[in-house]
Amino acid sequence: MVEPILSLKGVRAGYGGATVLHDISLDLPENGSLAVLGRNGVGKSTLLLTIMGYTQLRAGGIAWRGKDISRFEPHNRARAGIGWVAQEREIFPSLSVEENLTTTARSGSWTLDSIYAMFPRLKERRGNMGNQLSGGEQQMLAIARALMTNPSLLLLDEPLEGLAPVIVEELTKAMTAMLADRRLAIVLVEQHTDIALELTEQAIVLERGAIVHRGPSSELRKDTATLERLVGLRVAATA
Ligand SMILES: Nc1ncnc2c1ncn2[C@@H]1O[C@H](COP(=O)(O)OP(=O)(O)OP(=O)(O)O)[C@@H](O)[C@H]1O
Ligand SMILES: [Mg+2]
């Protein structure tokens with residue numbers, strides 16, 4: 001079998017005294033894509049934070065291309081090739097769009113030119129400060145900035161949250177182009193279930209910090225009974 005890029009085995013993790021994730025095991029292939037679905041508070045962000053090393057790992061292990069990175073500091077995981085776009089976006093407010101993109105950039109196939117081709121709006125706004133952008137532009141910038149680090153795996157935490165439908169469409173197009181490129185793997189946490197399942201190959205659903213469903217995204221997309229039971233009526237709401 002080909003070595004997965006990321007592998008979690010029996011991961012139990014949380015914050016302080018609280019355990020949030022229970023016995024999480026998953027394998028993501030190189031260039032693979034995984035949707036992480038589930039209602040509010042089930043542990044989706046905690047899963048991404050755990051992959052980045054920001055929570056306390058209580059049991060199990062995390063491997064990156066076969067190497068145990070369970071004890072790596074977050075910046076060493078980033079250096080290994082894991083990019084992360086936090087749910088809070090966290091762009092630099094007092095830097096320009098272009099400075100946001102170049103400050104943390106690392107060499108690779110994503111360059112300012114290829115980023116501006118994918119996000120023409122960011123090119124138009126290249127001289128604007130981070131705090132002069134709309135919510136949608138900030139989200140584009142957060143994703144673009146992560147791509148500029150040329151990661152092999154990108155973790156995206158609800159990139160479409162709170163955005164107007166026209167911006168959702170624009171960002172979805174950009175993510176489709178990014179994935180068609182086939183040079184990176186992604187883990188996509190999203191409450192726009194239909195879009196997440198359209199973009200990805202595999203999906204998991206979390207409930208109270210545990211995986212309660214896993215399978216191909218195309219199959220889950222058709223399984224409205226399971227979706228309604230585990231995720232709610234978001235498919236109908238966003239169709
Ligand atoms: N820093 C923290 N310290 C303690 N508990 C936390 C912390 N962050 C999150 N939690 C708890 O962990 C659980 C999972 O939260 P998490 O943010 O991972 O859920 P989520 O699925 O991302 O939710 P949402 O859809 O609202 O973003 C919740 O019970 C939450 O209260
Ligand atoms: Mg979250």
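Fair warning: this is a prediction, and the values are worked out from it, not measured in the lab. Indexing begins at 1, ligand by ligand and atom by atom, following the structure's order. Count residues from 1 along the sequence.
- Interface of Gln191 with ligand 1, defined as ligand atoms under 4.0 Å from a residue heavy atom, comprises 25 (O).
- Protein heavy atom closest to atom 28 (C) of ligand 1, with residue, atom name and distance, is Gly41 O, 3.8 Å.
- Considering only non-hydrogen protein atoms, atom 12 (O) of ligand 1 sits nearest to Val20 CG2, 3.3 Å.
- The ligand atoms of ligand 1 that sit less than 4.0 angstrom from a heavy atom of Gln87 are 27 (O).
- Residue contacts with ligand 1 do not include Glu161, since none of its heavy atoms lies under 4.0 Å from the ligand.
- Nearest protein heavy-atom neighbour of atom 17 (O) of ligand 1: Ser45 CB, 3.8 Å.
- Of the possible polar contacts, none joining the Ser152 side chain to the Leu184 backbone as a donor-acceptor pair under 3.5 Å is found.
- From the protein, the heavy atom lying nearest to atom 26 (O) of ligand 1 is Asn40 ND2, 3.1 Å.
- Within ligand 1, counting atoms from 1 as listed, the ones closer than 4.0 Å to a heavy atom of Thr46 are 14 (C), 15 (O), 16 (P), 18 (O).
- In summary, Asn40 places no N/O/S atom under 2.8 Å from the Mg ion (ligand 2), failing the contact criterion.
- Annotation: salt bridge (charged side-chain N to carboxylate O under 4.0 Å, His left out) contacts involving residues 99-108, sequence neighbours excluded, are absent.
- Between Arg126 and Glu98 there is a salt bridge, since at least one side-chain N of the basic residue sits less than 4.0 Å from a carboxylate O of the acidic one.
- Among protein heavy atoms, atom 9 (C) of ligand 1 sits closest to Tyr15 CE1, 3.5 Å.
- Applying the side-chain hydrogen bond (donor to acceptor under 3.5 Å, both in side chains) test to residues at least two apart or on different chains, the pairs with a partner in residues 160-171 are Gln87-Glu161, Arg121-Glu170.
- Within the coordination shell of the Mg ion (ligand 2), defined by N, O or S atoms under 2.8 Å, Thr46 is absent.
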